[in-house]
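Take a look at the structure set out below.
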Amino acid sequence: MQTSNKPDVRDWFPSEDGNNQKREEMMKLIEQLITGVDELKNPDGVNLKGDKKRDGNFYGELTKESYIPQVGAAMEEVNTELLKLLHGHPYHTKYFFSNILPMASMPGMMGMLTAMLVNGNNLWDVYGPAGAEAEVRVTAMMSKLVGYDAEQSGGYTTWGGQGAVFSGLRIAIAKHDPQAPQHGVPGNLYVFCSEAAHYSLFKSVEATGIGSNHLVKVKTLSDSSMDTEDLERKMNQVIASGGIPVYIVATTGTTDAIGIDDVSLIRQVAQKVTEQAGLACPHIHADSALGGFFAVFNDYNLSKNELGFSAGVLDMVAKLQVKMRHLHLADSMCFDFQKLGQTPYVSSLFLVKNANDFGLLELGEDETPYVGHRGYGDYHTGYTLECTRMASSISMYSALLAFGIEGYQRLFAQFLEVSYEFRKQLVAKIPEVDIVNPDNYAISTVFRIYPPQAPRFQDEVKGTCSIRDIEQTNLLNERLFEKLGEQRDQMFFGDTKKHLIVNTLEDQSIPLYVSKFFVISPHTKPELVTEVVDYLKACITEVYEQFVSTVK
Ligand SMILES: *Cc1c(COP(=O)(O)O)cnc(C)c1O
């Protein structure tokens, strides 16, 4: 075998001894990437520069032409290829309003880099002590933020808000029947969430074998929060027919409209209903994947207003406080750091009020028990669904240290200020528009346009409209989606075909189609709003005129 003219295999790796030459090589590669991205940036649009035609048989062609090279390329050349992947990529400029898809912050990225530099496995502190330490710290920090007793609580980083909903359900099943992990899931278990909840629970009941027929969807109020009277009714129905409610997901920040379920009311109802039936209270998971971070405002003194928030922002913060202060009444919750925590994917924290709950999921008696809330001794996370875990906790730790409570408050206050300004100008300038989450003062504004003389949002939520009327309005809104979607390289809005399911004159349920303005980029400032609303007005006028001339 002739290897003498081949590079040393160590060339692909960081040095063993920390020598300058290797560090400079690495810094150059990193600089190449960062400079490369900077050169692609375009603050006047949404996407990075560069051509990328994704039409036709784009993915098919990729499949055809891709194979592993026999001989590897130099790392600079590989970087050049990597940068090509980014051509035309959506980027979080000031015009990015699509959804909760944040920019990764610098502290977040530095944390990820730190984790990569040692590549520890967060499964066990013997392999990944840095990740374990950061995980215990972050768990304690977030516990104290929401009002959990950090001596009792526990947590681990996992695969998204979805992973947290799933983990909560595993606990819920094991709490009801500690033998279930051995014997399988009993056939009479039921879970509850609102109609506005994320589909995470749907997938979880499927994956645990409970089956989605045992997922009960509770009606929402007009602010997209759970109707707890309907919860009570539906829990009673389940119990009357021999079912057992084991899990309630309270969405504390819905993905589109930011409706916030009242965890306190949900707990009261759940306790009352199950007590009457002689059952244990179900496990309540606050799906705070999106909204959990609003808890940074919980202790903000509105009258002192030390950060000088505007009256509009203060009003929003006051409303958020009222709901988020109940978060600690949930048995478990989630913080998607990859959403409002400003860290890169995947970084979500699953937090439980009582770390003993993890004991129900431990692998075996001889395993080290749930020591998630302590910084000493063995730390072996045998209760997670994953085996190997990335140390995303280091990125979370980095972001929490860099932003601090005040940094998050200032960032979110800017998002809120933009939202406030947007709402004000939108209704003032475009009479065809109704804001359909008027009571959820947060970073997302969901809006809907109406044909001339069509019944408006107020009537739609009352249930006094015909299917035909709502379908016509949905159609008009779909046209707007298409228009905004075609031009999403200018401004990138979101949309959904499933905002608020309303009743009709014919007594049928029907969802409303709506567009979404989600403030998520730190580069979007309140001054931009005039331009945004004028742009929307032009798009809406165009769609509207076409619609009126073609539809009767
Ligand atoms: C985003 C979101 C989820 C899913 O979280 P992932 O991190 O994408 O897995 C679940 N619930 C809510 C309310 C969300 O907003």
Side-chain angles (χ1 to χ4, degrees), residues 97-104 108 112 138 142 146 155-170 172 191-207 215 217-218 220 223-226 247-263 266 284-295 320 323-324 326-327 330 332-351 384-386 389-390 392-393 395-396 399 412 415 437 440 442-446 494-496 498-500 516 518-520:
F97 323 124
S98 164
N99 216 328
I100 186 110
L101 298 164
M103 188 173 230
M112 283 292 176
V138 169
M142 299 314 282
V146 296
Y156 55 82
T157 63
T158 191
W159 41 288
Q162 163 77 74
V165 168
F166 187 84
S167 299
L169 180 55
R170 284 181 81 206
V191 308
F192 300 75
C193 69
S194 85
E195 279 169 350
H198 191 267
Y199 54 76
S200 298
L201 184 57
F202 185 87
K203 278 207 252 172
S204 303
V205 281
E206 177 255 314
L215 165 58
K217 292 236 169 157
V218 180
T220 49
D223 70 353
S224 299
S225 71
M226 187 188 284
Y247 192 45
I248 301 174
V249 170
T251 310
T252 40
T254 60
T255 316
D256 289 321
I258 323 224
I260 303 178
D261 288 356
D262 187 326
V263 183
I266 290 176
I284 298 175
H285 176 73
D287 184 1
S288 48
L290 185 142
F293 266 92
F294 291 131
L320 286 170
K323 296 269 184 118
M324 298 316 289
H326 298 312
L327 212 53
S332 58
M333 66 181 77
C334 171
F335 285 94
D336 254 2
F337 276 70
Q338 64 201 16
K339 285 185 176 163
L340 289 181
Q342 317 300 318
T343 56
Y345 298 118
V346 172
S347 49
S348 303
L349 182 73
F350 176 58
L351 203 60
T384 63
L385 192 67
E386 304 97 315
R389 285 186 308 124
M390 70 187 289
S392 55
S393 52
S395 177
M396 299 175 177
F412 302 157
F415 293 167
N437 64 339
N440 304 335
I443 57 181
S444 162
T445 301
V446 197
D495 53 56
T496 173
K498 211 179 162 186
H499 175 68
L500 220 58
K516 183 157 70 165
F518 208 112
V519 191
I520 192 64

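Just so you know, ligand 1 is whichever comes first in the structure, and atom 1 is the first atom listed for that ligand. Residue numbers run from 1 in the order of the sequence given.
Near Thr255, the atoms of ligand 1 lying under 4.0 angstrom from a non-hydrogen atom of the residue are 12 (C), 13 (C), 14 (C), 15 (O). Atoms of ligand 1 found under 4.0 Å from any heavy atom of Asp336 (numbered from 1 in listed order, with element): 5 (O), 6 (P), 7 (O). Taking every non-hydrogen atom of Gln162 and a distance limit under 4.0 Å, the qualifying atoms of ligand 1 come out as 4 (C), 5 (O), 6 (P), 9 (O). In summary, the atoms of ligand 1 found under 4.0 Å from a heavy atom of Gly253, numbered by their order in the structure, are 13 (C).
To the nearest 0.5 Å, atoms CE (Met333) and CG (Leu327) are separated by 4.0 Å. Separating the OG atom in Ser348 from the CZ atom in Phe337 is a distance of 9.5 Å, to the nearest 0.5 Å. Taking CD1 of Ile266 as the start and CG of Asp261 as the end, the distance is 4.5 Å to the nearest 0.5 Å. Atom-to-atom distance recorded for Asn440:CG and Thr254:OG1 is 6.5 Å, nearest 0.5 angstrom.
By the 30° and 60° cut-offs, the orientation of the rings of Phe166 relative to Trp159 is tilted. By the 30° and 60° cut-offs, the orientation of the rings of His285 relative to Phe350 is tilted.
Between Thr251 and ligand 1, not a single N/O pair is under 3.5 Å apart. Inclusion of Thr254 in the set of residues having an N or O under 3.5 Å from an N or O of ligand 1 is not warranted.
Nearest to atom 8 (O) of ligand 1 among the protein's heavy atoms is Gln338 NE2, 4.3 Å. Shortest contact from atom 15 (O) of ligand 1 to any protein heavy atom: Lys339 NZ, 2.7 Å.
Only the side chain of His198 comes within contact range of ligand 1, with a heavy atom under 4.0 Å; no backbone atom does.
Considering only non-hydrogen atoms, atom 12 (C) of ligand 1 lies nearest to Asp287 out of Asp287, Leu101, Leu290, Ile258. Remark: among candidates Ser200, Gly161, Cys193, the nearest residue to atom 5 (O) of ligand 1 is Gly161, based on non-hydrogen atoms.
Inspection of the Ser204 and Tyr247 side chains reveals no N or O donor paired with an N or O acceptor under 3.5 Å.
At most 12 heavy atoms of other shown residues, nucleotides or ligands fall within 6.0 angstrom of atom CZ in Phe202.
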